[in-house]
Amino acid sequence: MNLAILGMGTVGCGVVEVLSMNKSKITGLIGEDVTISHVFVNNIHKERDVDLKDAKLTDNIEDLYGADDIDAVIEVMGGMEDTRDILKKFLEKGIHVISANKDMLAKYIDELTEVANAHDARLLYEASVAGGIPILHAIEHGLNANEIHKVMGILNGTTNYILSKMTNDGWDYEKALKESQEKGYAEADPTNDVGGFDAQRKIVLLSRLAYDRKVDIEEVPVTGISNVELKDIETAKKEGLILKLVGKSEFDGQGLSVEVAPVFLPADHQLSSVAYEKNAVYVNGNAVGETMFYGPGAGGPETASAIVSDLINCWRNAGRKQFNLTPQQTASVKPSQSSNKYFIRFNAAEADVKAHLAGLNVEYSVVDADSGTTVVTSPIDPEQLEKLKQNREYRIESIYQVEGD
Ligand SMILES: NC(=O)c1ccc[n+]([C@@H]2O[C@H](COP(=O)([O-])OP(=O)(O)OC[C@H]3O[C@@H](n4cnc5c(N)ncnc54)[C@H](OP(=O)(O)O)[C@@H]3O)[C@@H](O)[C@H]2O)c1
C-alpha cells in the first residue's frame, strides 16, 4: 500500500515513527506493507528527524496529482481553502483521505464528505479532535446505538495547561502562557488556543457526529481564557470550584445549544481532575448514560496513533462500499434556556448589589468581600441573567457559569 503524506512537521514525523515502531503489527492488520511513497512539504531541503529515503519528496503538489500509485493520503500540513481543494482532488480520484486539520474540517467537512461519498472514498479525521483519544470512533461506532444528548469536553491542551498552572501553582496568566509556549504547547501566536477557537472547531466536529446534524461554526459562541484573573481562580478554589475551558453542546432533537467558555466545575466533577495538557470528552447517551474518554490531546506520536488507526480501519474495510456519515439537516443553534449558577465578581460592596439581586429574585452566597463582592448565585434563568448584566449601579468585573445545580 502506497501512502502520500502532506506535511512532515510534528504530526507527520509522528506518523513515520508510529509506522516504523509498530511495523509488523500494522502490516498484519492491513494485510500488506505500507510504503510512504510521496511526501509533500514546503521546504524540501529542511533537515528532518525521520527516515524518508523511500519517499519522493516534493514541494509541488502536481507531482502527487500525476502519480497513479497512491492508495491513501494523510494530510498533516494545516491550511484552509488551498488544503480543502487539494484533498478534494484526491477524493475525486477515489483515494482515501485522513486529515488532522480541525481548522479546515470544522468549516468544510460537509463539502468534503459529499465529494468523498460521490467517489467511494473515505474521509477520516480522528486526530482532529482531542489528538490521541479515539473519541470520533467511539461516537460513530461504539455509541451508535444511543441517542446522544450531550457532549462536553476539555478539548484544548494549551488552555488546560495554563488554567492548571494558575489553579495548582498560583501562577498568573502571563507566566503560565509563557511557560506553555516554552514547552511547545502554545504557538508563538496563541490566539487560536487562548481565544477558544481551537476548542470551538472541535465541539463543532463532535456535535456534528454525535447528533447527525450539520453545524455552522459561525453560530457557535466562544469565550477564551485571556481575561481570566488569578484572584477569581483562587477565590473559587476555596469554594471547591475549578476553572476549565469547556466545549459543551446539548441537543434535544430540535435545537442545539453549543458554546465554548471557561466554566467553574465542582472539584469532584469528572472533568475537574483532567489537568495540564490532557484532554477529556464526556458523552451522554440515552442507553449507556455517562461515558468519559481521557488522554493526550496533542503531540507527534500521540496524534499519529489516531491517524494510523484511521489508516488501518479504512484499509481493512476497503472492500466494503464506502460510506461517511453525512448529516442531511442543519442544526438550529439556539441560546441555552437552562438555568445555571454563576460566579460573579462585582466592583461594588454587597450593600450596593443586594437590593438589585433581591429584586431579580437571585439568591446568592458571598464568597469574597475583600475587593468588591464575589458571589455564587443559585440557578438563574437567561432573562434574570440579562437583567443582572444590564444594571448600571455596579460593574461586573468577571462572570462565569458554574456547572452543576
Ligand atoms: N501538533 C499536534 O499535536 C496536532 C494535534 C492534532 C492535530 N494537529 C493538526 O495537524 C496538522 C499539522 O500540525 P503539525 O503540528 O504537525 O504542524 P507543523 O509541525 O507546523 O508541520 C506542518 C508541515 O506541513 C508542511 N506545510 C505547511 N504548509 C504547507 C504548504 N502550503 N505546502 C506544503 N507543505 C506545507 C510544512 O512543511 P515544511 O516542514 O517544509 O515547513 C510542515 O512539514 C495541523 O492541521 C494541526 O492542526 C496537530
Side-chain angles (χ1 to χ4, degrees), residues 4-18 36 38-50 52 55-65 73-87 89-90 97-109 112 123-136 153-161 180-181 183-193 195 197-202 204-206 276-279 281 295-311:
I5 305 185
L6 317 183
M8 195 46 67
T10 306
V11 182
C13 290
V15 171
V16 179
E17 274 173 53
V18 171
I36 300 170
H38 298 79
V39 172
F40 173 58
V41 288
N42 249 331
N43 178 0
I44 54 171
H45 305 294
K46 199 189 259 185
E47 285 282 318
R48 317 230 173 228
D49 293 339
V50 286
L52 297 171
K56 290 173 198 130
L57 195 66
T58 180
D59 56 4
N60 182 358
I61 195 69
E62 296 293 334
D63 291 345
L64 275 71
Y65 296 154
V73 167
I74 289 177
E75 185 271 301
V76 282
M77 61 189 250
M80 292 296 289
E81 285 74 19
D82 287 356
T83 306
R84 172 202 59 187
D85 294 344
I86 289 172
L87 297 188
K89 287 251 170 59
F90 290 110
V97 167
I98 294 156
S99 172
N101 187 340
K102 62 252 171 179
D103 307 11
M104 184 273 295
L105 288 167
K107 199 155 176 206
Y108 296 116
I109 189 156
L112 284 173
L123 172 65
L124 295 164
Y125 53 99
E126 182 65 71
S128 67
V129 178
I133 307 175
I135 184 62
L136 300 188
I154 293 174
L155 302 170
N156 181 271
T158 305
T159 46
N160 202 39
Y161 185 84
S180 73
Q181 283 170 318
K183 286 195 164 228
Y185 298 139
E187 294 183 23
D189 176 0
T191 314
N192 271 342
D193 292 328
F197 304 111
D198 179 77
Q200 181 196 36
R201 289 157 190 158
K202 293 167 181 168
V204 164
L205 291 169
L206 284 169
Y276 298 105
E277 74 281 11
K278 290 288 193 264
N279 282 200
V281 186
E302 295 88 342
T303 307
S305 158
I307 291 174
V308 176
S309 165
D310 273 350
L311 182 72

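Bear in mind the structure is a predicted one, so any value in this text is a computation, not a measurement. Indexing begins at 1, ligand by ligand and atom by atom, following the structure's order. Excluded from the calculations below are hydrogen atoms, water molecules and symmetry mates; all remaining heavy atoms, backbone and side chain alike, are included.
Crowding of Asn43 atom CG: a count of heavy atoms from other residues, nucleotides or ligands under 6.0 Å exceeding 12. Dense packing is recorded around CG of Asp85, with more than 12 heavy atoms of other residues, nucleotides or ligands lying under 6.0 Å away.
Checking only distances, Glu75 never comes within under 3.5 Å of ligand 1, N or O to N or O. No N or O atom of Ser128 sits closer than 3.5 Å to an N or O atom of ligand 1. No N or O atom of Gly7 sits closer than 3.5 Å to an N or O atom of ligand 1. Looking at Asn43 next to ligand 1, an N or O pair under 3.5 Å apart turns up. The shortest N/O to N/O separation between Gly9 and ligand 1 falls below 3.5 Å. Annotation: Gly12 places no N or O atom under 3.5 Å from an N or O atom of ligand 1; distance criterion only.
Checking atom 37 (O) of ligand 1 against the protein gives a heavy-atom contact under 4.0 Å. For atom 17 (O) of ligand 1, the nearest protein heavy atom lies 4.0 Å away or farther.
Counting protein heavy atoms only, atom 19 (O) of ligand 1 is closest to Thr10 N, 3.0 Å. The shortest contact between atom 2 (C) of ligand 1 and any protein heavy atom is with Val11 CG2, 3.7 Å.
Under a 4.0 Å criterion applied to the non-hydrogen atoms of Asn101, ligand 1 contributes the atoms 45 (O). The atoms of ligand 1 that sit less than 4.0 Å from any heavy atom of Phe40 are 32 (N), 33 (C). Close contacts of ligand 1 with Ala298, meaning ligand atoms under 4.0 Å from a residue heavy atom, involve 3 (O). For ligand 1, the atoms closer than 4.0 angstrom to any heavy atom of Lys102 are 6 (C), 7 (C), 8 (N), 47 (O). Atoms of ligand 1 found under 4.0 Å from any heavy atom of Met8 (numbered from 1 in listed order, with element): 23 (C), 42 (C), 43 (O). Atoms of ligand 1 lying under 4.0 Å from at least one heavy atom of Gly299, given by number and element, are 2 (C), 3 (O).
Distances from ligand 1 to the non-hydrogen atoms of Ala127 include at least one value under 4.0 Å.
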Original post:
Are Lys46 and Val41 close enough, and set up right, to give a side chain to side chain contact (heavy atoms under 4.5 Å, CB included), and what steps lead you there?
Top reply: CA-CA 9 Å; Lys46 199 189 259 185; Val41 288; over 6 Å; no
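No option in Val129, Leu155, Asn192 other than Asn192 meets the side chain to side chain contact (heavy atoms under 4.5 Å, CB included) test with Arg201. For the side chain to side chain contact (heavy atoms under 4.5 Å, CB included) with Tyr125, the qualifying choice from Ile307, Ile98, Leu136 is Leu136, the only one to do so.
No side-chain donor from either of Thr58 and Asn60 sits under 3.5 Å from a side-chain acceptor of the other.
You'll find the side chain of Arg84 reaches within 4.5 Å of the side chain of Leu112, heavy atoms only. Between Ile135 and Glu126 there is a side-chain heavy-atom pair separated by less than 4.5 Å.
Not a single donor-acceptor pair under 3.5 Å links the side chain of Gln181 to the backbone N or O of Ala186.
Taking each of Glu277, Met77, Met80 in turn, the one with a heavy atom nearest to atom 31 (N) of ligand 1 proves to be Met77.
At a heavy-atom distance under 4.0 Å, only side-chain atoms of Arg48, from C-beta outward, approach ligand 1.
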